[in-house]
Amino acid sequence: MHSTSPYLEVSQTAGRDFMMRGISGPVVMLNLLRFRAQADYSASPHLAPEAPVSGRDAFMRYYEHTLPFLRASGGEVLLLGDGGPWLIGPSDERWDMAMLVQQTSVEAFIAWNSDAAYLAGIGHRTAALEDSRLLPLVAHNFGKED
């Protein structure tokens, strides 16, 4: 793998840079997810299921927990798909799943990610992931009237 340490949380610098981009309108978050073979609930034992589960299963618990909060904030999942080997990219790098999540605005994204009830289940995501990437995307309106 090209990364020596996993990326699981937003750094202060990355968060500041994201806010400084001044994105107006919808933003789509490209999520690349690499799962642990077995979920690690050591950081949130209160969420741990009775029997061990895979990282994928823990992520699906996070996904089901998250959907109502995402939808209430005006967001939606545009795509949730299984990954596989790169067609163009490093042969020693894998991503198990990709997800595209659209929010109506950066403000809606921040509000959703700050909701205490949503955050109560984020331990499923932490337990699930070995590594991740999150890339904010802004759509171009090529050929469309503004």
Side-chain contact, heavy-atom cut-off 4.5 Å: Arg71 with Glu76? no
Salt-bridged, Arg133 to Asp131, with N to O below 4.0 Å? yes
Side-chain contact test, heavy atoms from C-beta onward, threshold under 4.5 Å: evaluate it for Met97 versus Leu80 and give yes or no. yes
Test item: Arg34 and Glu93 side chains (from C-beta on) under 4.5 Å apart, heavy atoms: yes
Kindly indicate whether the side chain of Leu70, heavy atoms from C-beta on, has any atom under 4.5 Å from the side chain of Val101. yes
Using ring centroids (six-membered ring only for Trp), state whether Tyr41 and His124 fall under 6.0 Å. yes
Nearest-0.5 Å distance that lies between atom CD in Glu107 and atom OG in Ser73: 12.5 Å
Is the shortest heavy-atom distance from the side chain of Leu129 to the side chain of Leu33 under 4.5 Å? yes
Please answer whether the main-chain N or O of Leu47 pairs with a side-chain N or O of Ser44 as donor and acceptor at a distance below 3.5 Å. no
Side chain Asn113, main chain Ala111, donor-acceptor under 3.5 Å: no
Could you tell me if Ser54 and Gln38 have a donor-acceptor pair between their side chains, going purely by distance under 3.5 Å? no
Going through the checks in order, is the side-chain contact (heavy atoms from CB on, under 4.5 Å) test met by Val27 and Leu137? CA-CA 6 Å; Val27 61; Leu137 305 170; over 6 Å; no
With a 4.0 Å cut-off on N to O distance, would you call Asp82 and Arg56 a salt bridge? yes
Honestly curious: do Phe69 and Tyr62 fall in one hydrophobic cluster under the side-chain, below-4.5 Å linking rule? yes
Value rounded to 0.5 Å, distance of CH2 in Trp86 from CG in Asp92: 11.5 Å
Do Met29 and Leu78 share a hydrophobic cluster (ILVMFWY, side-chain heavy atoms under 4.5 Å, transitive)? no
State whether the side chain of Asp96 and the backbone N or O of Phe35 hold a donor-acceptor pair below 3.5 Å, judged by distance alone. yes
Heavy-atom side-chain proximity of Glu64 to Phe59 below 4.5 angstrom: no
Steps toward side-chain contact (heavy atoms from CB on, under 4.5 Å) verdict (Val77, Leu100): CA-CA 6 Å; Val77 175; Leu100 292 173; over 6 Å; no
If every non-hydrogen atom of Ala108 is compared with every non-hydrogen atom of Ser105, which pair is closest and at what distance? N-OG, 3.0 Å
Have Trp112 and Gln103 got a donor and an acceptor in their side chains that come within less than 3.5 Å? no
Any chance you could lay out the side-chain contact (heavy atoms from CB on, under 4.5 Å) test for Val106 and Met19, step after step, and finish with the verdict? CA-CA 8 Å; Val106 169; Met19 295 302 294; 3.7 Å; yes
Could you walk me through whether Ser132 and Arg125 pass side-chain contact (heavy atoms from CB on, under 4.5 Å), step by step? CA-CA 10 Å; Ser132 67; Arg125 181 184 185 279; 3.5 Å; yes
Please identify which of these residues, Thr13, Val10, Leu134, Ile23, meets the side-chain contact (heavy atoms from CB on, under 4.5 Å) condition with Phe18. Ile23
Please tell me whether Leu135 and Leu8 are part of a single hydrophobic cluster in this structure, the criterion being side-chain heavy atoms less than 4.5 Å apart. no
Please say yes or no: joined through hydrophobic side-chain contacts below 4.5 Å, possibly via intermediate residues, are Leu32 and Tyr63 part of one cluster? no
To the nearest 0.5 Å, tell me how far Ile122 CD1 sits from Thr66 OG1. 7.5 Å
Are Val28 and Leu67 linked, directly or through intermediate hydrophobic residues, by side-chain heavy-atom contacts shorter than 4.5 Å (ILVMFWY only)? no
Just so I know, are the side chains of Pro26 and Thr104 near enough to count as touching, which here means a heavy-atom distance under 4.5 Å? no
